[in-house]
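Notes to accompany the following structure.
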Amino acid sequence: MFEDDPIGDLPAATLCHLLRGAAGNVQPDDDGGPDADEALLIHKKRGVGSGQWVGPGGKVEPGETVRECVIREVREEVGIDVLDPEKVGVFVYRSDDWDAVIHVFRATEYAGTPEETEEADPRWFPVDDIPFDEMWQTDREWLPNVLDGGTFRGRFVYSDGEPQEVSLETGVTPSV
Ligand SMILES: Nc1ncnc2c1[nH]c(=O)n2[C@H]1C[C@H](O)[C@@H](COP(=O)(O)OP(=O)(O)OP(=O)(O)O)O1
């Protein structure tokens, strides 16, 4: 899937999809996936994807692991600490402006209360009412699977803000 991509040379970024249950905690369902009621999204105020609902996340800094990055970005953007980020997906994103490898995490435990910051306005959405019409178009290809406990690899090529090529594999180890 990534044969034509210089993975090692592309900048890396992260996304976090945090889940919670009605009683706060998330238990496994019958399939072993998270039995969650709500997912945290941010309305992004600036940068790549501004004006859309996205998972919190951002660019990996020099010397930082992707796990360190996702914990830092969630703290910076909404003021909470994710305690159990699990890498569940990876995709290559190519566009007119920016190419990157995006590492996707799912988490169910956190400390603190999400708060609005200069970068982001957080909101919990029911997992069956995610605002896909106001998100990256390709999110609807993989996010339901991630919220349901799945894994994926993908490659999404955008031009003029529209997806031109979409490749997706689910149920795979999300390594690059
Ligand atoms: N196609 C697609 N779907 C879903 N999410 C994304 C994409 N492409 C993307 O780039 N993204 C996400 C991945 C990252 O979380 C952000 C991009 O990082 P950004 O927010 O610009 O990075 P920061 O480090 O927070 O911002 P600055 O400091 O550079 O302002 O978009």
Side-chain angles (χ1 to χ4, degrees), residues 1-2 4-7 9-19 39-82 85-107 110 114-123 125 127 130-148 150-170 174-176:
M1 172 177 287
F2 303 135
D4 296 333
D5 300 298
I7 294 290
D9 296 336
L10 292 178
T14 58
L15 284 171
C16 185
H17 287 286
L18 179 62
L19 295 165
L40 186 75
L41 297 175
I42 60 168
H43 200 244
K44 201 159 175 209
K45 296 183 180 180
R46 67 182 189 208
V48 180
S50 62
Q52 302 192 100
W53 290 101
V54 298
K59 299 181 185 81
V60 177
E61 293 185 348
E64 191 177 50
T65 67
V66 291
R67 190 172 191 278
E68 290 167 344
C69 170
V70 78
I71 291 169
R72 175 185 55 75
E73 286 284 351
V74 175
R75 187 182 301 137
E76 286 178 4
E77 293 189 342
V78 296
I80 62 173
D81 287 315
V82 285
E86 174 192 9
K87 185 169 159 181
V88 294
V90 64
F91 61 91
V92 166
Y93 167 69
R94 288 186 168 278
S95 72
D96 306 321
D97 309 321
W98 193 55
D99 298 334
V101 181
I102 318 273
H103 301 263
V104 180
F105 289 79
R106 180 174 55 233
Y110 63 99
E115 292 178 349
E116 184 173 358
T117 64
E118 286 181 358
E119 293 183 67
D121 190 6
R123 189 188 300 174
F125 286 87
V127 291
I130 299 293
F132 286 113
D133 289 346
E134 300 170 68
M135 300 177 72
W136 291 95
Q137 289 185 49
T138 45
D139 282 8
R140 68 171 74 233
E141 305 290 335
W142 57 267
L143 184 54
N145 175 49
V146 162
L147 299 182
D148 203 29
T151 58
F152 77 101
R153 290 195 308 171
R155 184 173 189 278
F156 310 130
V157 180
Y158 278 71
S159 183
D160 289 334
E162 298 284 328
Q164 309 295 319
E165 293 177 39
V166 176
S167 309
L168 186 72
E169 289 178 328
T170 57
S175 58
V176 289

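Counting from 1, the numbers follow the sequence of the chain as shown. Order of listing sets the numbers, starting from 1, for every ligand and every atom in it.
Each side-chain hydrogen bond (donor to acceptor under 3.5 Å, both in side chains) pair with one or both residues in residues 40-62, not counting sequence neighbours, appears once here: K45-E116.
Between W136 and Y158, the ring planes lie perpendicular to each other; the angle is over 60°, past the 30° to 60° tilted range.
The main-chain N or O of E77 is found under 3.5 Å from a side-chain atom of T117 such that the two form a donor-acceptor pair.
With sequence neighbours excluded, the residues satisfying salt bridge (charged side-chain N to carboxylate O under 4.0 Å, His left out) with D133 are R140. For E134, the salt bridge (charged side-chain N to carboxylate O under 4.0 Å, His left out) test picks out no residue, with sequence neighbours left out.
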May I have a table of the N/O to N/O pairs between ligand 1 and the protein that fall below 3.5 Å, each row giving the two atom names and the distance to 0.1 Å?
| unit_1 | atom_1 | unit_2 | atom_2 | d |
| --- | --- | --- | --- | --- |
| ligand 1 | 3 (N) | D139 | OD1 | 3.4 |
| ligand 1 | 5 (N) | W136 | NE1 | 3.3 |
| ligand 1 | 15 (O) | T14 | O | 2.7 |
| ligand 1 | 15 (O) | G58 | N | 3.3 |
| ligand 1 | 20 (O) | K44 | NZ | 2.5 |
| ligand 1 | 21 (O) | K59 | NZ | 2.8 |
| ligand 1 | 22 (O) | K59 | N | 3.3 |
| ligand 1 | 22 (O) | K59 | NZ | 3.4 |
| ligand 1 | 24 (O) | K59 | N | 3.1 |
| ligand 1 | 24 (O) | E73 | OE2 | 3.3 |
| ligand 1 | 25 (O) | E73 | OE1 | 3.4 |
| ligand 1 | 29 (O) | K59 | NZ | 2.7 |

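Salt bridge present: E76 and R72 bring a charged side-chain N and a carboxylate O closer than 4.0 Å.
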